[in-house]
There are 4 protein chains.
Amino acid sequence: MDRRARASQKRRRLAAAAARVLHQQGVERTTLADIAREADVPVGNVYYYFKTKDELVQAALAEHQAHLDELTDALDRLPTPRDRLRALVEAWVAQRDTAARHGCPTGTLAVELDKRADGTLDAEAGAVIRRLLDWTATQFRQWGLPDPDDHALTLVCAYQGMSLLTNALRDPAIMTREGERLLRWLDSLAPEGE
Amino acid sequence: MDRRARASQKRRRLAAAAARVLHQQGVERTTLADIAREADVPVGNVYYYFKTKDELVQAALAEHQAHLDELTDALDRLPTPRDRLRALVEAWVAQRDTAARHGCPTGTLAVELDKRADGTLDAEAGAVIRRLLDWTATQFRQWGLPDPDDHALTLVCAYQGMSLLTNALRDPAIMTREGERLLRWLDSLAPEGE
Amino acid sequence: MDRRARASQKRRRLAAAAARVLHQQGVERTTLADIAREADVPVGNVYYYFKTKDELVQAALAEHQAHLDELTDALDRLPTPRDRLRALVEAWVAQRDTAARHGCPTGTLAVELDKRADGTLDAEAGAVIRRLLDWTATQFRQWGLPDPDDHALTLVCAYQGMSLLTNALRDPAIMTREGERLLRWLDSLAPEGE
Amino acid sequence: MDRRARASQKRRRLAAAAARVLHQQGVERTTLADIAREADVPVGNVYYYFKTKDELVQAALAEHQAHLDELTDALDRLPTPRDRLRALVEAWVAQRDTAARHGCPTGTLAVELDKRADGTLDAEAGAVIRRLLDWTATQFRQWGLPDPDDHALTLVCAYQGMSLLTNALRDPAIMTREGERLLRWLDSLAPEGE
DNA sequence: GATGAATGAGAGTTCATTCAT
DNA sequence: CATGAATGAACTCTCATTCAT
């Protein structure tokens, strides 16, 4: 592996470390030294890859976006929209322990970034959430249900809500209970005229 | 007004200012000077009322708790549990512009405090949310519905979820749409055997 | 002396220290710690009086302005414009050893500040020089000479030029030689029709 | 072109870039990356030509020296000392816009370098100025005027002074006014017994 | 109690210089 | 020779907390 490849790998390592540590400690309580340590990179070197702390936050958001895309790509291989949405909910529930400890990575990031006066980064956090919203709406639309956007909104709100409560009450069981309800809800839906 | 009364009034002013500013700027981006300024109290004086910044955060949480109690007390005067829950949802929707700008005060505070290693304050944030959960469950129980706890969980999750998305996407309309759905949902519920 | 008086005295001490150290070491090579040490003030405390390093530079400029004003006030007590201008030149020459080591405080500051992209502070440095220019022009005008502005420009240019060369060549004798020439020049001037 | 020639060409490009950028931004506000970029040379490569930043500053000084030598060589082709000195002043005035923006390259460099504790580089800056002084004195001597050194000092001081004021007040007209005065002064001079 | 001032431990960031290939 | 990457020391600035009156 040549120098350039190793360098870009380091960039990724930093982005991944940022995603992890920022999720656990939050943006404001995480120092660059924390991220550097997690990525095993000297502090001064971080600035070779990211000119500011904000760029690291941005990279972490991109990382979450990438994870989400991986997930939806995998789900897209399932036969029906209902299968895909069920699997989405199941993937959420599978993360319940992480959610109990640190909440939804994107959701909590969005909350923190929205506290800033400068609205640059929080718009990017919003974009990640909107992408999930769009993918979900697409599923409902393909399913042939009316008001697919409303259904998508309901589902994603439910996800963010249960993640927040799971985290705030430190109780993964919340995720299980609400997840099961969502599955029953999905099973109860039927396209018009079906 | 004697000295003690004036002092306790100052304490309240500080707590109220903390609640406001922390909601808007978040815990980590708010300095003691910010709160002191908002309360029109000299910085050095803050420490006679709150020994640490964390105590001010605690006071802000208590303030939110108090607001919530006021609200539920008012709702308790309504005739039926369904009326109360409907009014609760309507109260949420009425706050949509604030939610778009800063999210739910308690929810965003809980998110931020959960990022801390020290789990003292985030437990208190959880307690505020749990109190809302309990009050809501009580309504569903009085209504005679089965699984009142699950219903309560669903409703509060929906609230936190729609607040978060409203804030992240800076779109108060989300609150309106989800609020209307919740009202329809409440209208559709009926106790067993009714 | 009460707290407030002592505090404002500290502000002055800092401004004076800044003027001294910035003159000796230049803006860019002087750290806040240098100034703090010179003023015998803890580094963190500096920011109570000056929010940024630039404000300290500004304060140093004001200090130089004040020194200049003191000088011209003293000169204003002399009977004739020629006396005042002669005394001005003599005051410059008296500073020859300082000039050899560090140049003219205002002139060198202006040079450094003009290298900045942001033109805020260098305008203030220019203002100090312009004030000297104006005072000098006033003398020539009172003297009844034609083109008092041109004469003033010539005199101040000569001052800045000889300060620069004295400093660059580390030779106070330059100041003496040019100073004497300037005195002869002043003596040779006569108002029209005199 | 062989390797050695290409290499020495790169060295020159770097020296020229250094001269330009250091004049514009000053020594302390210029990074090696700035110079490397201006010369279109990779940062890491700079060190094959200049072991330290100071060596680049030195090279910039040499560049200014070379420019000055070019100028005086050209002037030396003029018939009389008076012609040469007049042409020198005219050359200065022709640079008035550059002077307004960045001052005299050598003069401002000397000011900055004199702020250093280490007196190595500022001596070199002084040497460049002294060379100008010497050339000028030679002209006055050839002219047959008494005190040629004093006349040279006066002329060079005037130049540095008017450059500094032009820069500090950002007014090229200063250069024009003082330049005209210097020309009149030169015209008024006559060797003894002439 | 009240208050302006003091303090010091970090935080993010920059950059000359060096290294490995 | 060339070069992207690495390094660490230093700097400016922030802020919770404490102190002296």
Side-chain angles (χ1 to χ4, degrees), chain A residues 1-11 28-36 40-57, chain B residues 3-4 6-7 10-11 27-36 41-57, chain C residues 1-11 28-36 41-56, chain D residues 3-4 6-7 10-11 27-36 41-57:
Chain A
M1 182 171 20
D2 67 349
R3 229 182 334 159
R4 181 170 300 174
R6 217 171 330 124
S8 102
Q9 199 197 10
K10 210 176 201 176
R11 202 182 194 283
E28 307 294 344
R29 296 188 81 85
T30 298
T31 70
L32 285 178
D34 288 338
I35 296 173
D40 201 32
V41 163
V43 205
N45 197 10
V46 173
Y47 282 87
Y48 188 81
Y49 298 97
F50 300 96
K51 263 182 272 301
T52 61
K53 187 183 180 182
D54 275 10
E55 279 191 20
L56 264 169
V57 176
Chain B
R3 226 188 310 167
R4 181 170 299 174
R6 224 178 319 133
K10 219 180 207 175
R11 202 182 193 283
V27 176
E28 307 294 343
R29 295 186 83 85
T30 298
T31 69
L32 283 184
D34 288 337
I35 298 173
V41 165
V43 208
N45 199 4
V46 172
Y47 281 85
Y48 275 85
Y49 301 97
F50 302 96
K51 264 183 261 303
T52 63
K53 186 182 179 182
D54 275 11
E55 280 190 20
L56 263 168
V57 176
Chain C
M1 185 170 19
D2 67 349
R3 229 184 332 161
R4 180 170 299 175
R6 215 168 335 122
S8 102
Q9 198 199 11
K10 211 178 201 174
R11 203 181 193 284
E28 307 294 343
R29 296 187 79 87
T30 297
T31 70
L32 285 176
D34 289 337
I35 297 173
V41 164
V43 204
N45 196 8
V46 172
Y47 282 88
Y48 188 81
Y49 297 97
F50 301 94
K51 264 183 270 302
T52 62
K53 187 184 178 181
D54 274 11
E55 279 191 19
L56 264 169
Chain D
R3 226 188 309 166
R4 180 170 301 175
R6 223 179 319 132
K10 218 180 208 175
R11 201 181 193 285
V27 176
E28 307 295 343
R29 295 187 84 86
T30 297
T31 70
L32 283 184
D34 288 338
I35 297 173
V41 165
V43 209
N45 198 3
V46 173
Y47 281 84
Y48 275 86
Y49 302 97
F50 302 95
K51 264 184 262 301
T52 63
K53 187 183 179 182
D54 276 11
E55 281 191 17
L56 264 168
V57 176

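Numbers restart at 1 for each chain; the letters A, B, ... are given by sequence-line order, proteins then strands. Computed from a predicted structure; not experimentally measured. Because only heavy atoms are used, hydrogens play no part in the values below, and waters and symmetry mates are left out as well, while side chains stay in.
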Ignoring hydrogens, what is the shortest heavy-atom contact between Ala36(C) and Pro42(C)? Give both atom names and the distance.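 So the minimum-distance heavy-atom pair works out to CB-C, 4.4 Å.
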Taking all atoms of both residues into account, what is the closest heavy-atom pair of Val43(D) and Ala33(D), and its distance? CG1-CA, 4.3 Å
Please collect all side chain to side chain donor-acceptor pair (under 3.5 Å) contacts where either partner lies in residues 44-54 of chain C, sequence neighbours excluded, each pair once.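 Side chain to side chain donor-acceptor pair (under 3.5 Å) check on residues 44-54 of chain C returns Asp54(C)-Arg116(C).
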How many whole angstroms separate atom CD of Gln9(C) from atom P of dA5(E)? 13 Å
Atom-to-atom span, CD1 of Ile35(B) to P of dA16(F) - whole angstrom: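 Distance, rounded to whole Å: 8 Å.
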I would like to know whether Ile35(C) and Leu56(C) meet side chain to side chain contact (heavy atoms under 4.5 Å, CB included); could you show each step before the answer? CA-CA 9 Å; Ile35(C) 297 173; Leu56(C) 264 169; 4.1 Å; yes
Would one find a side-chain N or O of Tyr49(D) under 4.0 angstrom from OP1 or OP2 of dA2(F)? yes
Reading nucleotides 10-15 of chain F from 5' to 3' and marking B where a protein heavy atom lies under 4.0 Å of the base, S where only the sugar-phosphate is that close, and - otherwise, the string is -SSBBS
Runs of at least three consecutive pairs that involve DNA chain F, where pairs are Watson-Crick or G-U with distances under 3.5 Å: E:2-21 with F:2-21
Distance-only donor-acceptor test, Tyr48(D) side-chain atoms vs dA2(F) base atoms, 3.5 Å: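 Such a pair exists between side chain and base.
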Return the set of residues passing side chain to side chain donor-acceptor pair (under 3.5 Å) with Glu55(A) (not counting sequence neighbours), or none when no residue passes.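 Side chain to side chain donor-acceptor pair (under 3.5 Å) list for Glu55(A), sorted by chain: empty.
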